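Lettering of chains follows the sequences in order, A, B, ..., and the numbering in each one begins at 1. Values in this document were obtained by computation on a predicted structure and should not be read as measured data.
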There are 2 protein chains.
Amino acid sequence: MDQRKRKPSFIKKQMDFREPGKTAGKILVAARKVFAENGYNGTHVDEIAAQAGVNKATLYYQIGDKDTLYANVIHQVLGNVAQDIADSVAKADHPEDKLKIYVNCIASAVDENPELPPIMMREMASGGAHLPRVVAEDMASVVTILLGIMEDGIRRGIFVETPPFLIHMMIMGTILFYKKGAPIKEKQLWLPAALKSRDKKLKGDLGDEVGQLVLKAIKK
Amino acid sequence: MDQRKRKPSFIKKQMDFREPGKTAGKILVAARKVFAENGYNGTHVDEIAAQAGVNKATLYYQIGDKDTLYANVIHQVLGNVAQDIADSVAKADHPEDKLKIYVNCIASAVDENPELPPIMMREMASGGAHLPRVVAEDMASVVTILLGIMEDGIRRGIFVETPPFLIHMMIMGTILFYKKGAPIKEKQLWLPAALKSRDKKLKGDLGDEVGQLVLKAIKK
DNA sequence: TAAACAGTTAACCATTTGGTTAAACCTTTT
DNA sequence: AAAAGGTTTAACCAAATGGTTAACTGTTTA
């Protein structure tokens with residue numbers, strides 16, 4: 001994102017994200033993929049247009065400039081996890097269960113949305129440079145949920161006092177790093193046999209595994 | 001990095017990294033900073049040259065093209081943590097101590113090297129696309145150290161059996177995400193007061209805190 | 001001291017890239 | 001069916017960007 005022409009990145013109009021048949025939908029689907037693969041700076045508007053099968057001018061007509069396009073993508077990818085977590089967590093009572101659900105929600109969001117890790121990691125790497133306000137708010141609301149769970153757990157004497165934000169970073173960091181890190185590791189064919197053979201695949205689900213670890217870490 | 005002109009990125013010649021007075025040194029210092037800030041694609045060779053105070057042609061004469069320059073930077077930033085960890089860890093006997101040292105080494109490497117988190121995160125986000133073989137090997141050797149610690153700990157009945165690679169990703173993920181995430185959080189002035197006030201700063205050192213958490217997570 | 005060499009630079013170049021324009025193409029409305 | 005409005009496109013453009021060249025400066029060597 002060019003530092004000079006910094007404009008507030010608002011969403012041009014309410015778009016039909018869920019209708020990939022419509023032009024705008026096709027563009028956003030393509031954009032999400034290309035942005036995830038190459039990052040903001042590595043992404044060329046022409047490539048998005050090509051992958052969406054539309055003319056570049058159509059893209060500009062339908063959505064706007066690169067910034068707006070990216071804002072839409074990031075909102076689409078990161079924005080809608082919050083509500084899901086809130087709903088799922090609310091269904092449980094015990095802080096332990098809630099925390100497990102919290103972690104699992106994030107893990108499955110990542111599963112269903114392979115574009116999430118790279119986009120999120122790059123967003124963090126750049127200090128949240130392109131984060132639209134809406135998304136930042138969504139993320140804050142996610143951390144707030146964890147805050148509630150942990151406060152409850154501490155009050156009930158189940159958890160030790162630990163900084164919630166650190167725990168959130170631990171959950172996110174572990175899941176995202178593992179998701180992207182494992183394939184990189186597998187790619188290194190020359191890796192010492194010890195590493196490859198001994199480090200067996202996860203038994204169960206990544207969400208469960210991480211949930212257990214985090215729980216054990218903060219339980220009294 | 002352009003997919004088409006994929007050349008093996010070897011280091012042109014042994015350079016005086018530690019002599020920032022020399023031209024090559026100045027260039028690498030500038031490059032490290034600019035690459036960390038803007039990522040590979042967001043970095044312009046002209047800007048590096050400008051920040052180094054040399055002509056762009058000098059940069060090409062001294063080091064080579066953008067790819068080579070980046071390979072040098074990433075090697076400089078990520079490559080030399082391995083030996084430090086190995087040495088420090090060797091000084092301890094007990095697996096618990098070793099693990100604490102392991103985590104603390106990574107944490108202080110990050111402290112001393114603010115460019116490490118963004119570069120590493122973006123590298124992971126891109127699936128290790130630009131990772132020179134040397135660096136991949138260094139990273140592998142780091143994980144191997146953890147593998148040793150954990151196997152020892154498990155054999156002695158101190159640790160529960162857990163995938164070492166997952167734990168490594170947990171350590172790295174937590175530290176890097178927290179390092180970059182905390183400033184982003186602080187930037188959001190509008191954050192609900194609850195979040196800002198309740199989520200107090202870490203009591204001690206990030207390395208210690210993470211070390212304790214991870215240790216608790218994998219201890220029997 | 002003159003030739004050889006290492007290091008630096010201003011100017012230049014080809015290509016890429018984000019973004020625009022004016023005309024064409026559909027639908028819908030009248 | 002013609003006017004109107006929304007949608008798509010080929011062609012175009014200015015700026016940016018990675019990389020090169022040929023000349024110039026200073027230092028080493030013979």
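What separates OH of B:Tyr40 from C1' of D:dG18 is a distance of 9 Å, to the nearest Å. Distance OH (A:Tyr60) to P (D:dG6): 23 Å, rounded to an integer number of Å. Taking atom CG of B:Asp65 as the reference point, atom C1' of C:dT15 lies 16 Å away to the nearest angstrom. Rounded to an integer number of Å, the gap from CD1 of A:Ile27 to P of D:dT7 is 12 Å. Atom-to-atom, NZ of A:Lys66 to C1' of C:dT20 comes out at 17 Å; the value is rounded to the nearest Å. As rounded to whole Å, 14 Å separates atom C1' of C:dT8 from atom CD1 of B:Ile63. With rounding to whole Å, A:Asp67 atom CG is found 17 Å from C:dT17 atom P. One atom, NE2 of B:His44, and another, C1' of C:dG18, lie 13 Å apart when rounded to the nearest Å.
Applying the side chain to side chain donor-acceptor pair (under 3.5 Å) rule to B:Lys179 yields the partners B:Asp111; only residues at least two apart in sequence or on another chain are considered. Remark: A:Glu115 engages no residue in a salt bridge (charged side-chain N to carboxylate O under 4.0 Å, His left out) (not counting sequence neighbours).
In this structure, B:Lys100 places its NZ atom where only 12 or fewer heavy-atom neighbours from other residues, nucleotides or ligands lie under 6.0 Å away.
Among pairs with a residue in residues 36-60 of chain B, those fulfilling salt bridge (charged side-chain N to carboxylate O under 4.0 Å, His left out) read B:Asp46-B:Lys56, at least two apart in sequence or across chains. Within the structure, salt bridge (charged side-chain N to carboxylate O under 4.0 Å, His left out) contacts touching residues 78-91 of chain A (residues at least two apart or in different chains) do not occur.
Between the side chains of B:Asp208 and B:Asn104, at least one donor N or O lies within less than 3.5 Å of an accepting N or O. Inspection of the A:Asn55 and A:Tyr61 side chains reveals no N or O donor paired with an N or O acceptor under 3.5 Å. No hydrogens or angles considered: nothing links the side chains of A:Ser141 and A:Asp138 as a donor-acceptor pair under 3.5 Å.
In this structure, the helix from C:dT1-D:dA30 to C:dT30-D:dA1 shows an angle of 10° between the axis at its start and the axis at its end, each fitted on 5 base pairs and rounded to 10°.
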Anything under 3.5 Å between a protein N or O and an N or O of nucleotides 8-14 of chain D, put it in a table, one pair a line.
unit_1: D:dT8; atom_1: OP1; unit_2: A:Thr23; atom_2: OG1; d: 2.6
unit_1: D:dT8; atom_1: OP2; unit_2: A:Gln62; atom_2: NE2; d: 2.6
unit_1: D:dT9; atom_1: OP2; unit_2: A:Asn55; atom_2: N; d: 3.0
unit_1: D:dT9; atom_1: OP2; unit_2: A:Thr58; atom_2: OG1; d: 3.3
unit_1: D:dA10; atom_1: OP2; unit_2: A:Asn55; atom_2: ND2; d: 3.2
unit_1: D:dA10; atom_1: N7; unit_2: A:Asn55; atom_2: ND2; d: 3.1

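Taking the six-membered ring where tryptophan is involved, the planes of A:Tyr70 and A:Phe35 are perpendicular, since the angle between them exceeds 60° and thus also 30°.
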